[in-house]
Amino acid sequence: MPEFAYQDPFPLEPDSTRYRHLGSDLVSTANFDGEEILRIKPEALTLLAREALRDVSFLYRPSHLQEVAAILDDPEASPNDKGVAIALLRNAAVASGFQLPMCQDTGTATVIGKKGQKVWTGVRDEEYLSKGIYETYQKENLRYSQTIPVSMYEEINSGTNLPAQIDILATAGDSYSFLFVAKGGGSANKSYLYQETKALLNPASLEKFLREKLRSLGTAACPPYHLAVVIGGTSAEATMKTVKLASAHYLDGLPTTGNKLGRAFRDPEMEAKVMEIARKSGIGAQFGGKYFALDARVIRLPRHGASCPVGLGVSCSADRNIRAKINKDGIWLEELERDPARFIPPQYRSGLGAEHGVKVDLNRSMGEILGELTRYPISTPLKLSGTIIVARDIAHARIKERLDRGEGMPQYLKDHPVYYAGPAKTPAGAPSGSFGPTTAGRMDSYVDLFQANGGSMVMIAKGNRSQAVTDACKKHGGFYLGSIGGPAAILAKENIKKVELLEYPELGMEAVYRIEVVDFPAFILVDDKGNDFFQQLPVLS
């Protein structure tokens with residue numbers, strides 16, 4: 001029988017994060033039973049959560065911006081790759097002003113804490129962390145996205161973006177470390193668990209599996225992605241938790257080899273293989289090219305002999321992850337980039353220029369708009385100017401109920417394109433809050449019905465769509481236009497000139513709006529001839 005030996009399941013290298021100091025007056029030390037302990041006033045938790053969620057809603061890690069900027073120096077990057085990269089960098093520069101968050105979906109707040117055994121707060125830590133999150137979402141121009149079930153089928157918006165997901169683990173030592181994550185719905189929805197078997201664990205089978213599953217991610221979660229693949233796990237829950245931490249680069253300090261005690265490890269060779277698959281997919285940074293992913297993390301875990309869970313997930317172009325810690329020297333928060341403009345080459349400071357996109361006047365009849373769009377092939381970049389209607393999940397459900405009652409399609413959906421989106425709060429004196437696109441696929445089931453009734457003939461959103469949408473557009477003469485997912489702040493600042501509440505005010509950010517836009521960027525992804533951009537990408541064998 002082997003002798004007992006304990007293995008830290010996730011042995012990480014020492015933390016090399018660069019932190020900024022938030023103060024030390026809320027921490028002190030004391031003696032208990034001959035041991036020095038760290039005493040943290042509860043207000044420190046509130047302060048830390050408030051500052052963390054504020055920073056991560058408006059600022060990026062420098063490493064993330066460096067990877068995006070590197071796209072512009074790559075001669076193999078497609079024009080669309082570079083266009084998305086420029087939009088994301090310019091969006092970061094706007095968001096750094098702390099008025100318009102980088103993405104309109106300001107996410108579910110998640111906190112992972114590791115509390116040393118020699119740390120004492122004397123309170124329910126989750127309550128004070130939640131209070132800090134509450135204060136940020138109340139005071140900043142963020143969006144309330146959390147829906148609360150009051151019965152099995154009835155829901156209401158919490159109006160605070162609470163509850164947060166808070167997990168606190170006990171560990172050794174006299175410090176308290178944190179990872180704060182603001183995870184948007186589009187990105188969270190691209191977290192997948194696959195229950196596989198030992199048969200997957202050979203090079204040919206695993207690579208075939210990864211080619212299939214990586215392609216299925218699509219673009220709805222706003223690439224270029226930070227990819228995370230986890231193979232194994234003592235439970236499905238352990239696998240998916242590891243996916244989330246890996247996508248946040250929290251596990252970068254793992255060893256690159258395993259041992260006989262079952263430690264987690266990164267596999268650099270497989271990470272390179274995943275990046276090769278991503279580059280060859282042709283999906284690119286949303287509209288074709290090389291940069292489907294910025295980087296990849298592949299982590300191998302122990303498993304039960306009868307199980308082989310595999311997890312897949314992403315951190316999207318709104319890479320909102322930030323570390324923090326409290327020790328005897330004070331309260332510390334990861335230093336994010338406050339001058340993103342330094343990553344933008346001078347020639348791209350104002351975008352790609354007027355020539356990058358066909359100008360389309362939306363202040364015409366729908367027949368004239370469709371007549372112009374039919375002249376161009378899929379992937380054509382557009383610059384839209386005029387009136388657009390904004391409606392997403394709940395509004396679509398309400399309109400379907402009207403059709404079911406025989407009340408007909410609202411005239412506004414017949415006369416204008418529809419943009420699937422939900423805005424963040426509008427800053428004082430500004431025409432719009434951050435207002436990027438939401439995931440198109442959630443509205444797929446409505447398209448044929450709506451187009452048959454004269455509505456939704458031109459749809460604008462992000463991500464790939466089902467065959468049903470392609471079929472409906474061919475049948476009814478409609479179009480689906482892709483908007484760049486991620487740069488919500490720059491759209492609000494430069495392209496959206498007016499926002500007017502039109503219908504269903506009780507739905508909050510899910511209400512129907514009328515917006516006026518100028519040079520709003522989009523690409524033709526599905527046309528009236530049965531062509532779908534994503535279906536024409538290469539199939540990897």
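One-based numbering along the sequence shown.
More than 12 heavy atoms of other residues, nucleotides or ligands sit less than 6.0 Å from atom NE2 of His21. Residue-environment remark: OH (Tyr134) stays at or below the threshold of 12 foreign heavy atoms within 6.0 Å. Within a 6.0 Å radius of NZ in Lys213, more than 12 heavy atoms belonging to other residues, nucleotides or ligands are found. Around the NZ atom of Lys325, the shell of radius 6.0 Å holds more than 12 heavy atoms that belong to other residues, nucleotides or ligands. Annotation: Arg39, atom CZ; neighbour count of heavy atoms from other residues, nucleotides and ligands within 6.0 Å does not exceed 12. Heavy-atom contacts from other residues, nucleotides or ligands closer than 6.0 Å to CZ of Arg124 number 12 or fewer.
To the nearest 0.5 Å, the span separating OH on Tyr128 from NZ on Lys41 amounts to 12.5 Å. For the atom pair OG1 of Thr110 and CZ of Phe180, the computed distance is 11.0 Å after rounding to the nearest 0.5 Å. Taking CG of Asp444 as the start and NE2 of His396 as the end, the distance is 10.0 Å to the nearest 0.5 Å. Atom CE of Met459 and atom CE of Met443 lie 10.5 Å apart (nearest 0.5 Å). Interatomic distance, CG of Asn495 versus CD1 of Ile515, reported as 9.5 Å (0.5 Å rounding). The CD1 atom of Ile389 sits 5.5 Å away from the CG atom of Leu502 when rounded to the nearest 0.5 Å.
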His226 and Glu67: CA distance, side-chain angles, deciding distance, side chain to side chain contact (heavy atoms under 4.5 Å, CB included) verdict: CA-CA 10 Å; His226 299 282; Glu67 288 185 285; 3.3 Å; yes

Worked check of side-chain hydrogen bond (donor to acceptor under 3.5 Å, both in side chains) between Ser63 and Arg61: CA-CA 5 Å; Ser63 58; Arg61 285 172 165 163; 5.6 Å; no

Side chain to side chain contact (heavy atoms under 4.5 Å, CB included) assessment of Phe287 paired with Ile484: CA-CA 9 Å; Phe287 305 109; Ile484 300 175; 3.7 Å; yes

Test log, rule side chain to side chain contact (heavy atoms under 4.5 Å, CB included), inputs Leu336 and Glu334: CA-CA 6 Å; Leu336 301 183; Glu334 182 176 353; 4.2 Å; yes

Working for side-chain hydrogen bond (donor to acceptor under 3.5 Å, both in side chains), residues Ser445 and Lys400: CA-CA 10 Å; Ser445 62; Lys400 181 182 183 300; over 6 Å; no

Intermediate values then yes/no, side chain to side chain contact (heavy atoms under 4.5 Å, CB included), Ser145 and Asn161: CA-CA 6 Å; Ser145 299; Asn161 216 56; 3.8 Å; yes

Chi angles and distances behind the side-chain hydrogen bond (donor to acceptor under 3.5 Å, both in side chains) call for Ser307, Gln195: CA-CA 7 Å; Ser307 303; Gln195 295 285 13; 5.3 Å; no

Test log, rule side-chain hydrogen bond (donor to acceptor under 3.5 Å, both in side chains), inputs Lys244 and Tyr250: CA-CA 9 Å; Lys244 192 164 190 174; Tyr250 188 78; over 6 Å; no

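A salt bridge links Asp55 and Arg20; the closest N-O separation between the charged side-chain nitrogens and carboxylate oxygens is under 4.0 Å. One finds a salt bridge joining Arg442 and Asp393 here, because a Lys/Arg side-chain nitrogen approaches an Asp/Glu carboxylate oxygen to under 4.0 Å. Remark: Glu494 engages Arg90 in a salt bridge, criterion side-chain N to carboxylate O under 4.0 Å. Between Asp105 and Arg143 a salt bridge is recorded (basic side-chain N to carboxylate O distance below 4.0 Å). The residues Lys497 and Glu516 are annotated as not salt-bridged, no charged nitrogen and carboxylate oxygen being separated by less than 4.0 angstrom.
Put simply, the side chain of Tyr513 never gets that close to the backbone of Ala421: no donor and acceptor are under 3.5 Å apart. Checked by atom type and distance alone, the side chain of Glu337 pairs as donor or acceptor with a backbone atom of Asp339 at under 3.5 Å. The main-chain N or O of Asp174 is never found under 3.5 Å from a side-chain atom of Asn327 such that the two would form a donor-acceptor pair. At least one donor-acceptor pair closer than 3.5 Å links the side chain of Gln104 to the backbone N or O of Gly436. Judged purely by atom type and a 3.5 angstrom limit, Glu510 uses its side chain to pair as donor or acceptor with the backbone of Ile394.
Under the ring-ring contact (aromatic ring centres under 6.0 Å, His included) criterion, Phe98 pairs with Phe58, sequence neighbours left out. By the ring-ring contact (aromatic ring centres under 6.0 Å, His included) test, Tyr225 pairs with Phe292, sequence neighbours left out.
Side-chain contact check for Ile460 versus Phe520: some heavy-atom pair is nearer than 4.5 Å. In this structure the side chain of Phe209 reaches within 4.5 angstrom of the side chain of Glu196, judged on heavy atoms. Residues Gln99 and Asn141 have side chains in contact (heavy-atom distance under 4.5 Å, counting atoms from C-beta outward). Taking the side chain as every heavy atom from C-beta outward, Arg300 and Val298 never approach each other to under 4.5 Å. Glu140 has its side chain out of reach of Ser57: every pair of non-hydrogen atoms, C-beta onward, lies at least 4.5 Å apart. Between Lys425 and Tyr144 the shortest side-chain heavy-atom distance falls below 4.5 Å. For the pair Ile299/Leu245, no side-chain contact is recorded, criterion being any heavy-atom separation below 4.5 Å from C-beta on. Side-chain contact between Lys462 and Thr219: absent, with no pair of heavy atoms (C-beta onward) separated by less than 4.5 Å.
Residue Thr239 comes nearest to Pro309 through the heavy atom pair OG1-CG, 3.4 Å, listed as atom of the first residue, atom of the second, then distance. Of all non-hydrogen atoms in Ser315 and Lys183, the two that sit nearest each other are CA-NZ, 4.0 Å. Considering all non-hydrogen atoms of both residues, Ala109 and Ile133 come closest at CB-CG2, 3.7 Å. The shortest non-hydrogen separation linking Ala52 to Leu333 is CB-CD1, 3.7 Å. Heavy atoms only, all atoms of each residue included: Ile277 and Leu210 are closest at CD1-CB, 4.1 Å. Across every non-hydrogen atom of Ser247 and Asn321, the tightest pair is O-ND2, 4.5 Å.
Centroid-to-centroid, the aromatic rings of His249 and His64 stay 6.0 Å apart or farther.
Ring geometry for Tyr419 against Phe435 counts as tilted: the plane angle lies between 30° and 60°, on a 0 to 90° scale.
Judged as a salt bridge (charged side-chain N to carboxylate O under 4.0 Å, His left out), not a single pair has a partner in residues 151-164 (not counting sequence neighbours).
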